[in-house]
Amino acid sequence: MTHSSATADAFRQEVRDWLEENCPQSQRQPAVAADQFWGGRSGSFPSEDARLWYERMRDKGWVAPEWPREYGGAALDAQQARIIKQEMKRINARTPLYGLGLWMLGPALLEYGNTSQKEQHLPAIVKAETRWAQGYSEPGAGSDLASLQCRAEEHDDHFLVNGSKIWTTAADRCDWIFCLVRTSTEGKKQEGISFLLIDMHSPGVSTTPIELISGESEFCQTFFDNVKVPRENLVGELNKGWSVAKALLVHERKLMAEIGSDSPRKVVSPREAAEQYLQKDDTGKLTNTELRSQLADYDMQMHAIGLTHMRCFEERQAGVRSPAPLVMKYLGTEAEKTKSELLLKIMGSRGLGWEGDSFTDEELDTLRLWAMSKAMTIAGGSSEIQLNVIAKSVLELPQE
Amino acid sequence: MTHSSATADAFRQEVRDWLEENCPQSQRQPAVAADQFWGGRSGSFPSEDARLWYERMRDKGWVAPEWPREYGGAALDAQQARIIKQEMKRINARTPLYGLGLWMLGPALLEYGNTSQKEQHLPAIVKAETRWAQGYSEPGAGSDLASLQCRAEEHDDHFLVNGSKIWTTAADRCDWIFCLVRTSTEGKKQEGISFLLIDMHSPGVSTTPIELISGESEFCQTFFDNVKVPRENLVGELNKGWSVAKALLVHERKLMAEIGSDSPRKVVSPREAAEQYLQKDDTGKLTNTELRSQLADYDMQMHAIGLTHMRCFEERQAGVRSPAPLVMKYLGTEAEKTKSELLLKIMGSRGLGWEGDSFTDEELDTLRLWAMSKAMTIAGGSSEIQLNVIAKSVLELPQE
Amino acid sequence: MPLVLNEEQRLLRDTSREFLQRSAPVAALRALRDERNSLGYQADLWAEMAEMGWACVTLPEAYGGLDFGFLGLGCVLEETGRTLTASPLFASAVLGSNTILFAGTESQKEHYLPRIATGELTVALALDESHHHAPADTGCTAQCNDEHAVISGRKVFVADGHSAELLLVVAEDQYGLGIYAIPENTPGLLRERTVMVDSRNAANLTLNAVTVPLSQRLGGTEDCAAALEQALDRGRLALSAEMLGLVEEVFERTVAYLKEREQFGALIGSFQALQHRAAQLQAEIELCRSVVMQGLSAIDDAPEQVPLTASLAKARLNDLAEWATNEAVQMHGGIGVTDELEIGFFLKRARVSMQMLGDTAFHRDRYATLSGY
Amino acid sequence: MPLVLNEEQRLLRDTSREFLQRSAPVAALRALRDERNSLGYQADLWAEMAEMGWACVTLPEAYGGLDFGFLGLGCVLEETGRTLTASPLFASAVLGSNTILFAGTESQKEHYLPRIATGELTVALALDESHHHAPADTGCTAQCNDEHAVISGRKVFVADGHSAELLLVVAEDQYGLGIYAIPENTPGLLRERTVMVDSRNAANLTLNAVTVPLSQRLGGTEDCAAALEQALDRGRLALSAEMLGLVEEVFERTVAYLKEREQFGALIGSFQALQHRAAQLQAEIELCRSVVMQGLSAIDDAPEQVPLTASLAKARLNDLAEWATNEAVQMHGGIGVTDELEIGFFLKRARVSMQMLGDTAFHRDRYATLSGY
């Protein structure tokens, strides 16, 4: 699996050349929400260049570089995939296709799905034909995923699903949803849960949007009212959906931990904001010593987190186990909150605008992202859950 | 019980005049350890003025101003006692007599003791004939006072005590010790505990000193080996010592919360240290902006704590209940730790001396007090216990 | 100097609480927001509040006030903090009226204060010119001759600046620092309402050679710098009282939620980590209550302590408001970030209050300077 | 740039751990303290350490070194941090030897370095003159003529300054910043050993017109300021590695205690509040491990990153060492403050390390300055 660094260098050069040739100039700058392509039957390309770029990447297999070729991937290894990511980042190349199908369901199906499930869904994801939603959380369940109530009753060749899921991102624009449902109430709470793929166009499925403190959101609540789901849409074993879910959660946490570096909106950094909103003395130092100190603290924290991401990667490559990956979600999302509060402090009253022409787009975005950042330490395993996990798995502290 | 402010003002003037006349000049400056008079059979006056000052206060009844006259007090109310304290503080008058008998056992005996116990012990405390130690903690029991093991077996007219107590301050110089002992193992852990007064000169009592991270200490471990204690030395009911202990703990926590203002060594304040060890620019600001900010934080914290002490007092006077008294031990002891760490930061390498002529006494004292401060959030109900208590008693959060 | 409320003050607190919870709960602010109300507060509610005397609690009786003291006013403000009530109370009846009280001539006071006291006239103080509170940096200027002043410059983050009928504009002039009382529709005065995150109101002002009679300058030809500072400190303490109410309300709601919400088969309030965090907040709330009460009492009884205590109060309430609202969202979990729950309103108002009249950096620095280091 | 150890480095770490735990555990430091050892370290232990090559891990082979890289040296230092081992390793073989390496002429390097590499010669850097690290403020002066330099001034907090055979004294001179190699018994050089809280060694020096041949000035007549800064950064990273070991050890002991200590009928490690505090420490330890490894790797592979990373490492390790040792005492409860337990030794060493070569205030300021703000 490992490559000599010469091979890696050669591959990097190859990637660099190909990107230089194939990535349109317009696709070499950070993408705000309107520039993103999420696919699916209701999705459309934000621009002709975006279509070109996506199609070239798809044809190259680099939309999902680590997936097998028969499912639309390029069968590359982790180091090669990382090199592609790095080289794309180097020229600010946009992500050609966004989606939970690509990031979360795909890896889970590769591990737990049967052949016909893989054949049905993976190529459709890469071809941007289907957009997926995630149906984990339920109203009132919060961090306690195992306590979920949405039921799927077994019938001959299908399940009958009743209940609802919350935080189903963009469910009103998705084609399919992968769900955790309760198929048995016996045994421990984690048992009796199954992992089901549900066509959003099935009769009985409906969605309503949720408004957040940051304003209108992509989040929905999705309701299931006697929805018939064919038996072949069960992934993994019946009542054993928990293991599929856990594998997926790892991907989600990774996603959340990296979200700062991959945010859908153009985000100003605290350091840039300081240049713009604070004053310097004639030696080049910020005159507001309190904010200077807080800025240095934040930069040091992000510097340390960045180095730890690199260490995690190198350890994975070297087959070394360490506790580092288990602390990243906690650190990354907390840092994101710190950053947002710091930005508001640096911008002062200019960072407090909700809407209107009195504020720049960047200022309004900063405020909305500040509000959004509050969700980061809650969603995808709250900070409290992360700390519980560290205490249990890393420190092996006694459980009550 | 309340006085009109005119009466209070008159009393204040009276106190001021009396102190002016009776407090020797040498007793009007902060007392370091060597200046303190703790009484007891092995105690001696640090100076002739100290003797004079103590005797005058004793004769006035102001060594224990709130105690009844027949036990050596002056039968004053809380406001009057406070006025005396304030006026003494105003001229830096030293505490004429130190001791756990005065501060802790006395109030408990007044509430729980029988007449003969009060007659035997209270005047002896005021007259400085007996010095008391406290026997609560046991090796291995920590914050969990109720789990104590030191046993007192009931016999006809006496108890037979076996076990040991730790953190028995200056036990090697004390005449008596008040102890919590286990007299029954039935029922809940808090039940079956009794409150016993033990003469340290009884056969079978021995003590060894404990060395702390701050160096040699006054703390001892005290051992009881078949010690005979007369039955009349039981305070309160048999197996009901817990309520006496709880009442005493309240006094101890108050003591710990106030300890910063009544420390036995001369302590430099962070602000004074900053004047001495840090530089100022030509506008009078400290040039080390980080330490300036930390100093302001600390001063603000102490300012707020001081105001809250005043509020607690006023609320008590007005008969208003509030959660404030319950948070003071936690805040006071944590602030003491913060202060010590801040002092070390301000003094830099000069605050790191352990002994020798390279450092001033003040510097060495600061370091030793820094080490001592670590015990403050542990002894007398740890910070964790304090937070548990706030969660339970103030917030009424559910217990597991 | 009292740190406990007396009976009249408790009564005032209880009646204001009852009135506000009934007539102006958080839902009222939500309604103002959702209907994009152009005034930014309910005029009839403000009339009722003024009717009850809230706009003149601390004013001397000579100007139609109740002379009831700042500890009393604090009781009302704390309650408006609990309900996040939008009204001219703070901007007009506290900040504006105290500016006139300190800086105005006797005849100016007699002219304006009684009308502010009845709620009939609303005023706003236009001070800041950049995104950080910096009362010492005034770029706005006034050119005076014997009869007129011509004022030019720009003001930002003027609380209630879009709705106030009279604007008190701070400007450098030949006498030092001047404060000019400028009626809302004076030619050359442009007001741009800013829609803020807390759904309350503020405005940016542009003054293009606004010309007013010199008699509109507060205090005649006196330098108003010291008067302004005194008014600001009263404003800071009043705002701190409002923030204390905000914190207490959001904290009480959070503690209540900890007692009803189940996770992993237990009430989340039984988890020790959350208990300790809540207890630490309680401890800080106790400190802040003492600080606010002391500051308000000092206005009445010990003016020399006001500057230090005002900075102490504002700095600590800033930090507490950030901490308490963040914990409120976090402890409420997923529903804490939905707009349906009212927690977000507290979170947002906290951020605006934190910037108004000085953030923590400003006040910690000021505290240090006032302390001589 | 590697952030994982390779096999040789792991081997070095394991053998140093085994050696130190056996030959120089914390009990050895206690013994040195209790017997008031005048040297401050065990000479025979130091001989063994040097024998194993620890004094020359990073030195170029040309000067008798192993050229094994700083990541390798970090493995050893981390282990000495775990055992709090007192030895000239840091002061002489890291700080002193790198000062000569950067500032010395070729002949000076050839003269001194091989002897430091074998442990035969011990050196100490005498830099600070006040109680806070301030390498830019040198009051010590040297008057040079063609043959001699006359050095006067005062130095404080010189690690191992009382025992080193050669002192590297920083002084202002006509060439800029000079560093003078002064043998221990040179007339006019007074050394006063200071007994520090960590039971390790330091000294204050007084130089009364100490006269040495100009050839003792490192680097001939070059300004040594840049060389000194490079040596200091290596020292800061090496010290950070030692502090990381200290933190890991004290944290492991604390976690072990949480698993064995009962209170209220439960293991205290099962209390969620303590679990979360321990987990937060673990997270910070992970960050610090990355920072230290990156800094050490950068010395070997990316020197341009060294200044920023050195300040990052020292600032964070300072804060972590304070936090971790305070939590260790608190979580151990009453026995944590007794001298019998070894926790206090970690607490005390942490405070000295925190001041050495720059406290957090110094390095956060430097980080900001290096970052351009």
Side-chain angles (χ1 to χ4, degrees), chain B residues 270-271 274-275 278 280 283-286 288-289 291-297 299-320 322-331 334-335 383-384 386-400, chain C residues 1-7 10 251-252 254-256 258-260 262 266-295 297-298 308-309 311-313 315-316 319 360-361 363-373:
Chain B
R271 194 185 292 206
E275 290 290 338
L278 299 177
K280 288 184 166 181
T283 70
K285 287 191 185 187
L286 297 171
N288 189 322
T289 55
L291 290 179
R292 176 174 183 259
S293 170
Q294 287 179 41
L295 176 60
D297 255 346
D299 278 348
M300 288 197 279
Q301 180 76 2
M302 289 313 293
H303 191 163
I305 288 176
L307 295 176
T308 308
H309 271 301
M310 279 169 53
R311 178 160 69 89
C312 287
F313 177 77
E314 290 194 17
E315 286 174 344
R316 208 160 55 234
Q317 292 291 105
V320 172
S322 98
L326 276 166
V327 305
M328 297 314 286
K329 200 272 177 181
Y330 169 73
L331 291 170
E334 291 290 342
S383 283
E384 290 76 17
Q386 302 300 325
L387 293 174
N388 286 345
V389 168
I390 299 167
K392 186 177 172 183
S393 312
V394 179
L395 304 177
E396 298 177 334
L397 287 171
Q399 303 299 301
E400 274 175 288
Chain C
M1 212 160 15
L3 292 169
V4 279
L5 300 180
N6 64 28
E7 198 160 328
R10 281 203 301 275
F251 182 62
E252 283 169 22
T254 305
V255 171
L258 293 178
K259 293 177 188 175
E260 72 181 48
E262 273 194 41
L267 292 169
I268 60 174
S270 70
F271 296 141
Q272 197 197 28
L274 297 188
Q275 288 188 344
H276 280 198
R277 280 155 56 182
Q280 285 165 325
L281 261 171
Q282 176 70 51
E284 179 60 21
I285 289 171
E286 291 305 324
L287 293 186
C288 283
R289 165 158 290 289
S290 312
V291 166
V292 167
M293 292 186 81
Q294 151 77 12
S297 289
L308 195 67
T309 321
S311 278
L312 173 64
R316 290 201 81 100
D319 288 351
T360 302
H363 284 293
R364 188 160 32 212
D365 178 72
R366 184 167 180 256
Y367 189 96
T369 303
L370 289 171
S371 299
Y373 55 87

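Within every chain, numbering begins at 1; the chains are lettered A, B, ... in the order of the sequence lines, protein sequences first and strands thereafter. Just so you know, these numbers come straight off a predicted model, no measurement behind them. Side-chain atoms are counted along with the backbone in the values below, which use heavy atoms only and exclude waters and symmetry mates.
With a 4.5 Å cut-off on non-hydrogen atoms, E334(B) does not touch chain C at all. For Y373(C), the parts lying near chain B are the backbone and the side chain together; criterion is any non-hydrogen pair under 4.5 Å. Contacts between A368(C) and chain B at a heavy-atom distance below 4.5 Å involve backbone atoms as well as side-chain atoms. For chain C, no part of A274(B) is nearby; none of its heavy atoms comes within less than 4.5 Å. Proximity to chain C (any heavy atom under 4.5 Å) is shown, for L278(B), by neither the backbone nor the side chain. Of the atoms belonging to R277(C), not a single heavy atom falls under 4.5 Å from chain B. Using a 4.5 Å cut-off between heavy atoms, S322(B) contacts chain C through its side chain alone, with no backbone atom that close. Residue A315(C) touches chain B through its side chain alone, counting heavy-atom pairs closer than 4.5 Å. Heavy atoms closer than 4.5 Å to chain B are found in both the backbone and the side chain of D365(C). Contacts of E252(C) with chain B are absent, with no heavy-atom separation under 4.5 Å from either backbone or side chain. Residue contact with chain C, scored on non-hydrogen atoms closer than 4.5 Å, involves the backbone and the side chain of K285(B) alike.
Considering OH of Y367(C) and CG of L295(B), their distance stands at 9.5 Å, rounded to 0.5 Å. Taking CD of E315(B) as the reference point, atom OG of S290(C) lies at 7.5 Å (rounded to 0.5 Å). Note that CG of L395(B) is 11.0 Å distant from OG1 of T254(C), once rounded to the nearest 0.5 Å. Between the CG atom of L370(C) and the CG atom of D299(B) there is a distance of 12.0 Å, given to the nearest 0.5 Å. Between C312(B) atom SG and E286(C) atom CD the span is 8.0 Å, to the nearest 0.5 Å. To the nearest 0.5 Å, atom NE2 of residue H303(B) and atom OG of residue S371(C) are 9.0 Å apart.
Side chain of R271(B) to main chain of G372(C): no donor-acceptor pair is present (N/O by atom type, distance under 3.5 Å, no hydrogens or angles).
Taking I305(B) as the reference, Q301(B), M302(B), H309(B), M328(B), L331(B), A335(B), L287(C) meet the side-chain contact (heavy atoms from CB on, under 4.5 Å) condition, with sequence neighbours excluded. Not counting sequence neighbours, the partners of L5(C) by the side-chain contact (heavy atoms from CB on, under 4.5 Å) test are Q9(C), R10(C), R13(C), L71(C), C75(C), M293(C).
Here the closest non-hydrogen pair linking Q280(C) and L387(B) is CG-CD2, 3.8 Å. L307(B) and L3(C) get closest at one heavy-atom pair: O-CD1, 3.7 Å. The minimum heavy-atom distance linking K259(C) with E396(B) is given by the pair CE-O, 3.2 Å.
Using a 4.5 Å heavy-atom threshold, the side chains of Q282(C) and L326(B) count as separate.
Among P323(B), A391(B), S383(B), G284(B), the residue with the largest count of heavy-atom pairs under 4.5 Å with chain C is P323(B). When the candidates Q272(C), H276(C), Q275(C) are compared by the number of heavy-atom contacts under 4.5 Å with chain B, H276(C) comes out ahead. No other option in V320(B), V394(B), N388(B), T289(B) has as many heavy-atom pairs under 4.5 Å with chain C as N388(B).
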Would T308(B) and R289(C) satisfy side-chain contact (heavy atoms from CB on, under 4.5 Å), going step by step from the backbone distance to the final call?
-> CA-CA 8 Å; T308(B) 308; R289(C) 165 158 290 289; over 6 Å; no
Determine, stepwise, if the pair R311(B) / V291(C) fulfils side-chain contact (heavy atoms from CB on, under 4.5 Å).
-> CA-CA 10 Å; R311(B) 178 160 69 89; V291(C) 166; over 6 Å; no
